[in-house]
A.B. asks: 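One structure, as structure tokens, below. Some questions next.
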Amino acid sequence: MAAARTRLGPAGPATRLGAVRIDLHTHSDRSDGTESPTDLVRRAHAEGLDVLGLTDHDTMEGWDEAVTAAEEVGLSLVRGIEVSCTFGGYGVHLLAYLPDPGYGPLDHELRRILDGRSSRLPATLARLREVGIGIDVEDVRRVAGATAAMGRPHIADALVDLGVVVDRNQAFERYLGPRGPGYVHRYAADLEDMIEAVTGAGGVSVIAHPWASRHDHRALDAAGIARLQRVGLAGLEVDHEDHDARTRAELRALARDLGLVVTGSSDHHGAGKVDHDLGCNTTAPEELERLLELAARSAVAADRAVPAVVR
Ligand code: AMP
Ligand code: ZN
Ligand code: FE
Ligand code: FE
């Protein structure tokens, strides 16, 4: 185990011999990753990570299994979710860490998002049929496995299975992306309301890949982010594959100016996304400490049990 921990991993800010390695944003097959929560935790441990954040899209379905696996291998697990939100008319992903799953307003919004995703499915398939691609709900179900958040990635997998495209990326480029013939709008939560719901649940909020090239991030300028901080935003995910070096430097400076926590993560999806290997970006230990401190304070203010990080 010591050997695995001191082995040099993929490049990242905290990748030094013996350093604590922290990856705070990953997906299991309970959303659109390809590994079970157990396999994800085991792999994270085997690859020398010390702390793992499990952040499936809009669902906490993988938490219990991940907790058991983390206890088994001795890895610290930070339970989270990545919530689909909108801000100023644009899509934004919000990482929510350590919220109480029993908090009604949060649970209600997550259900609404998941319902929006599943009710979009037949509409998407109808659009695809219009452009000559015969694919039905069963084709998607077959590849979707254990997911609680069936969405475009699974439609993409079904298209790969049918030989229409070679991988998920091509499916998004040709059919499922915002300008594709199969694109259908779906419900997402209001970002400011969601940040408040996460705080109400005793958790903390971090904007995922705020300036990722594939998203329109017009609304997330300095003023927009400052406004979000006033409703309770705790941090920004700065080190992410979808940010180039210059973007990271600018975002880091903004986070420093505003006093926001800076995180870094892989956004690993197993075989579902290339160039997102576990630990390819990491979070500095002192930044995680600040985040956990804010989470503990949030839990106390919300009069909820201080959420434990599995050790
Ligand atoms: P949905 O939740 O159904 O709208 O699907 C959105 C999810 O699809 C995102 O959160 C990503 O994980 C995934 N995704 C988006 N674009 C791509 C892409 N080009 N290749 C692979 N996965 C993607
Ligand atoms: Zn995803
Ligand atoms: Fe995301
Ligand atoms: Fe993600």
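Since we're looking at a predicted model, the values are computed, not measured. Order of appearance sets the numbers: ligands from 1, and atoms from 1 within every ligand.
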A.B. asks: Quick one: does Arg186 get within less than 4.0 Å of ligand 1, heavy atoms only?
C.D. replies: yes
A.B. asks: Closest to the Zn ion (ligand 2), which N/O/S atom of Asp32 is it?
C.D. replies: OD2
A.B. asks: Return yes if a side-chain donor-acceptor contact under 3.5 Å exists between Asp267 and His276, otherwise no.
C.D. replies: no
A.B. asks: Below 4.0 Å from ligand 1: does a non-hydrogen atom of Arg120 turn up there or not?
C.D. replies: yes
A.B. asks: Can you tell me if His25 has an N, O or S atom under 2.8 Å away from the Fe ion (ligand 4)?
C.D. replies: yes
A.B. asks: Out of the N/O/S atoms in Asp267, what is the name of the one closest to the Fe ion (ligand 4)?
C.D. replies: OD1
A.B. asks: Should Arg252 and Asp239 count as an ion pair when the cut-off is N to O under 4.0 Å?
C.D. replies: yes
A.B. asks: If hydrogens are left out, which of His269, Arg168, Glu173 has an atom nearest to atom 21 (C) of ligand 1, that is, the closest non-hydrogen atom?
C.D. replies: Arg168
A.B. asks: Under a 4.0 angstrom heavy-atom cut-off, which atoms of ligand 1 come close to Arg117?
C.D. replies: 1 (P), 2 (O), 3 (O)
A.B. asks: Between His215 and His209, does the ring centroid distance fall short of 6.0 Å?
C.D. replies: yes
A.B. asks: Quick test: of every protein heavy atom, which one is nearest to atom 6 (C) of ligand 1, and how far off is it to 0.1 Å?
C.D. replies: Arg152 NH2, 3.5 Å
A.B. asks: Measure from the Zn ion (ligand 2) to each N, O or S atom of His269 and report whether any distance is below 2.8 Å.
C.D. replies: yes
A.B. asks: Among all the protein's non-hydrogen atoms, which is closest to atom 7 (C) of ligand 1, and how far away is it?
C.D. replies: Pro153 CG, 3.8 Å
A.B. asks: Just to check, does His27 reach to within less than 4.0 Å of ligand 1 when the distance is taken from its heavy atoms?
C.D. replies: no
A.B. asks: Could you find the nearest protein heavy atom to atom 10 (O) of ligand 1 and give me its residue, atom name and distance?
C.D. replies: His57 CE1, 2.9 Å
A.B. asks: Between Glu72 and Arg42, is there a salt bridge with N-O shorter than 4.0 Å?
C.D. replies: yes
A.B. asks: I'd like to check which ligand 1 atoms, numbered from 1 as shown, lie under 4.0 Å from a non-hydrogen atom of Gly151.
C.D. replies: 3 (O)
A.B. asks: How far is atom 23 (C) of ligand 1 from its nearest protein heavy atom, and which residue and atom is that?
C.D. replies: Phe172 CE1, 3.4 Å
A.B. asks: For the pair Asp107 and Arg111, find out whether any cationic side-chain nitrogen is under 4.0 Å from an anionic carboxylate oxygen.
C.D. replies: yes
A.B. asks: In terms of side-chain heavy atoms, does Ser84 have a donor or acceptor partner in Arg186 at a distance below 3.5 Å?
C.D. replies: yes
A.B. asks: Regarding Glu138 and Arg141, does a basic nitrogen lie under 4.0 Å from an acidic carboxylate oxygen?
C.D. replies: yes
A.B. asks: Please report the shortest heavy-atom distance between Asp50 and Ala19, naming the atom on each side.
C.D. replies: OD2-O, 3.7 Å
A.B. asks: Of the listed options (Asp32, Ile155, Asn169, Leu114), which comes nearest to atom 19 (N) of ligand 1 when hydrogens are ignored and any heavy atom counts?
C.D. replies: Asn169
A.B. asks: Go through the side-chain N and O atoms of His27 and Glu35 and say whether any donor and acceptor fall under 3.5 Å apart.
C.D. replies: no
A.B. asks: Ignoring hydrogens and geometry beyond distance, is a side-chain donor-acceptor pair present between Thr263 and Glu237 at under 3.5 Å?
C.D. replies: no
A.B. asks: With a cut-off of 2.8 Å, does His93 place any N/O/S atom under that distance from the Fe ion (ligand 4)?
C.D. replies: no
A.B. asks: Does the N or O separation between His93 and ligand 1 drop below 3.5 Å for any pair?
C.D. replies: no
A.B. asks: If you consider just the N/O/S atoms, which atom of Glu82 is the closest one to the Fe ion (ligand 4)?
C.D. replies: OE1
A.B. asks: First locate atom CZ of Arg21, then atom CG of Leu278, and finally report the distance between them rounded to the nearest 0.5 Å.
C.D. replies: 9.0 Å
